[in-house]
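Written out below as C-alpha cells is the structure these notes cover.
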Amino acid sequence: MRAFAAALLVAVLAPSALPAQPAPQTAPAFPKRRVAVLPARDFRLDPESLFVADPRSGGAEDAQNLTAAALAALAAEPEVEPVSASDFARAREAAGQKGIVARGFLHLGMELYRQIRLKDAIAALEKGVDAAASEFLDVAEPDLASDLYLYLGLSYLEQGSAALAHVAFKNMFFVTPQRRLKKGYFPAEAETAIKAAAVDFQKTFAVDVPMGGIARALAFRKAASVVAVVYVYLTGSATGERVEVRVLEPGEKGAGFSQSTGFAFRDRLSAAEGVGRAVSAWIACAALPSRERPRHDLPRFLMDTSGGYALFLRHPTREPFHAAGFGVGFAWQVRENLDTFARVNLFTSFPDRYDDLVQGFTSVRMVAGVGYSGQWSWGRVFLHFGLEGHYLSDFVSSTNPDCKLFGVGTEWCGPGDVDRLKSRFLTGINGSAKIDVVVGGPIYLAFQTGFAAYFYPLPPDSPLNYPFTAELGLGYAFF
Amino acid sequence: MKVLVATAAVLVPAACTDTHVLSGSFRTPEPVTIAGVPEIKERYIELVLGHYGPDVAGIAWFCTDADCSTASGPCGHLERGTWAGGTLRFSFTPPGGCNPVPETGCSVKARLTLFGDDSLEGDMFVREDQKVPVTLSRKKHSGDVVRDDLECDPEGTTK
C-alpha cells in the first residue's frame with residue numbers, strides 16, 4: 001500500500017519537478033537563394049601526356065573535389081540552395097531539353113568526317129556547337145560539347161584550315177581541360193596540332209572568365225534561375241599551382257565578380273578547405289533574405305504647410321469674392337497606395353467687386369478622409385476624399401449700398417437688408433488632388449487643389465457653397 | 001496688336017476703379033439755390049458718397065460756409081443712387097420740404113456726370129423746368145471720409 005502511495009506521489013509530482021521542456025522554436029522561414037556551382041575545371045594541362053593508352057583513367061578527381069567543397073559550403077547556409085551541374089541537367093531534361101539537337105549534329109558530323117565529307121561535317125558540327133552553347137551543354141554535358149569541338153577541329157584540320165582547328169581544340173580544352181585522348185587513334189598530324197593547341201591554351205586562354213564570357217555566364221544565371229554563379233578552377237604554371245574561386249552576380253554597378261580569391265594548391269584536403277572558406281566568405285557578405293532590411297522605402301508620415309486660396313462657386317454676393325490663408329496637412333501612408341489624411345486651413349476673405357460682402361470673415365476649415373496614392377522616385381500623387389467642416393466668423397452680405405456706407409444696424413440699414421448664414425458651421429464632402437514633387441531628400445513641394453459640397457445646412461439655407469481651393473507649399477516626409 | 005494693347009491698357013485700370021470711383025466727397029465752389037426748396041438757398045452743397053458698382057449711397061450737406069466746417073447746414077439722405085454710363089443719378093427729400101409742394105412729391109433729383117476723377121457736373125431740380133446747373137469738385141477721397149461726414153440724422157440737421 002505504501003509502495004502504491006509512493007508511486008502515486010511520484011507520478012503526480014514528477015512532471016512538475018522535471019525541468020520544463022523548451023518549446024520548439026521555429027526559425028522564421030526565409031526564401032532560399034539559388035546559387036549555381038559550375039563544374040570546377042582543372043587547367044593544369046600537360047601537353048606531353050595528352051595521349052595515353054587509356055583515356056578514361058582518372059584526371060578529374062581534383063576538380064570534382066573542389067566542386068563538392070563549394071557545394072558543401074553553400075549547402076551549410078540555410079538560406080542558400082546550391083544548384084550543381086547535374087541539378088541543372090535534370091531541370092533541363094524535365095523541361096524537355098535533352099541536348100538532342102546537339103547530339104544529333106555531333107553524330108552527323110562524325111559520320112560525315114569519317115566519309116571525308118569535310119565541308120558538310122564542319123557545317124553540321126558548327127550547328128552542333130551553336131546548339132550546345134545555347135543549351136549550356138558545356139555545363140550540363142561537357143563531354144558532348146568537348147566532342148563537338150574535337151571533331152570540329154579534326155574536320156578543319158583535315159580540310160587544311162589549321163587556324164580554325166587550333167581554335168576548336170582550345171575550346172575543347174576549356175570545356176574539358178583534363179580530357180585525355182587515345183594514343184595512336186588520331187593521325188600524327190592531328191596529335192601534333194592538338195598538342196600545339198594545348199600549349200597555346202595554357203599560355204593565352206582567359207580561363208578566369210566563366211563560360212567564356214560574362215554575358216554568357218549571366219545568360220546561364222538567368223536560365224538556371226540562380227542569383228549567383230560560383231566558378232572554381234585550378235591552374236598550373238612554372239610558379240606553382242593555384243586554386244581560384246570566382247562568384248559572379250549582378251551588382252548595383254552591373255554584373256561582376258563579388259568574390260575573387262585564390263590560393264596555392266598543396267593537396268586536395270587543403271584545397272577543399274580553401275574553397276569552402278572562400279565560398280563562406282562570400283556568403284558572409286551576400287545579400288541573403290534575412291539580412292535585407294525590411295522594405296521601408298516609402299515614407300509613412302507626411303506633413304506639409306502651404307499658402308492657400310479659396311473661392312466659393314455659390315455665393316450670395318453679386319460677384320465672387322476670394323479668400324486666402326494657409327494650411328497644414330498630415331498624411332499617414334497606411335498601405336503602399338492608401339493613406340489617411342487630415343488638413344486644417346485658416347482663410348480670410350477679401351472684398352468682392354461691389355463690396356456686397358459687408359464684413360470680411362475668417363474661417364477655419366477641417367478635412368479628414370482617405371486617399372489613394374501613387375509614389376515614384378520624383379514624388380507622389382494623391383486623390384483624397386473626405387468629410388469637411390468649415391466654421392466661419394460672422395458672414396454678412398448685402399446689396400443695399402446704405403448698409404455698406406453707413407454700416408449694418410444703422411437707421412439706413414435694417415435687418416431685412418442683410419443676408420446672414422443660418423449656421424456658421426458648414427459640413428459636406430470634399431475631394432482633392434495633390435501632387436508632391438521631391439525637392440531634395442525628404443523635402444517636397446506640395447500642390448493641392450480641391451472641391452467641396454456642403455450638405456448642412458440644407459439648401460436653400462446654404463447660400464455659401466461649393467468652395468474651390470488651391471494650395472502650394474512645402475512638405476516633409478518624416479519616416 | 002498695338003491697338004489691342006493700348007485698349008487693354010486703358011480699359012483694364014478703368015474697369016478696376018470704375019466700381020468705386022465716386023467714393024469720397026464733392027462740394028460746390030459757389031453757393032447754390034434750388035428753386036422750390038426754402039432750406040437750399042445760397043448754400044454750398046457737399047455730397048459724401050459711397051460708390052459700389054452700380055449703386056451709390058450718401059449724404060447731401062447744405063452748408064453756409066465754403067468749407068462746410070460748421071454744423072450750420074441741414075442734410076439729406078440720398079435715395080436710389082445709381083451709377084451708369086458715367087452718370088450719377090440720385091434723389092433726396094430736402095430738409096424742410098418744398099414750397100410749393102409739387103404734384104409729384106417733394107424730392108430733389110440730381111443728374112451729374114463725372115469729368116476726370118474729381119469733377120461732377122450736371123443739374124439738380126425739383127421740377128424739370130427748374131433745373132439748376134451745379135458743378136462739384138472733389139474734396140475727399142474714399143479713405144479720407146470720416147464718421148462725422150455721415151452723421152446726418154433723419155431730421156437732416158446733424159453734422
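Naming convention: chains lettered A, B, ... in sequence-line order (proteins, then strands); numbering from 1 in each chain. Computed over heavy atoms, backbone and side chain alike; hydrogens, waters and symmetry mates excluded.
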Problem - Residues, nucleotides or ligands: over 12 heavy atoms within 6.0 Å of F301(A) CZ - result: yes
Exercise for the section: State, with a plain yes or no, whether a side-chain heavy atom of Y52(B) is found less than 4.5 Å away from one of D356(A). Expected result: no
Fill in the blank from the handout: Rounding to 0.5 Å, atoms CG (L78(B)) and CG (D402(A)) come to a distance of 8.5 Å
Problem - Closest non-hydrogen atom pair, T19(B) against R353(A) - result: CG2-NE, 3.5 Å
Exercise for the section: Grab the two heavy atoms, one from L405(A) and one from V48(B), that are nearest each other, plus how far apart they are. Expected result: CD2-O, 4.4 Å
Handout entry: Salt-bridge contact R318(A)-D55(B) (side-chain N to carboxylate O under 4.0 Å)
Key = yes
Fill in the blank from the handout: So, the part of V145(B) with a heavy atom under 4.5 Å from chain A: the answer is neither
Handout entry: Atom CZ of R127(B) with >12 non-hydrogen neighbours under 6.0 angstrom
Key = no
Practice task
Determine whether more than 12 heavy atoms belonging to other residues, nucleotides or ligands lie under 6.0 Å from atom OH of Y456(A).
Solution key: no
Exercise for the section: Mark yes when over 12 heavy atoms from residues, nucleotides or ligands other than F451(A) sit less than 6.0 Å from its CZ; otherwise mark no. Expected result: yes
Practice task
Look at the rings of H77(B) and W412(A) and say which category their plane angle falls in: under 30° parallel, 30 to 60° tilted, over 60° perpendicular.
Solution key: parallel
Handout entry: R335(A) CZ: over 12 foreign heavy atoms closer than 6.0 Å
Key = no
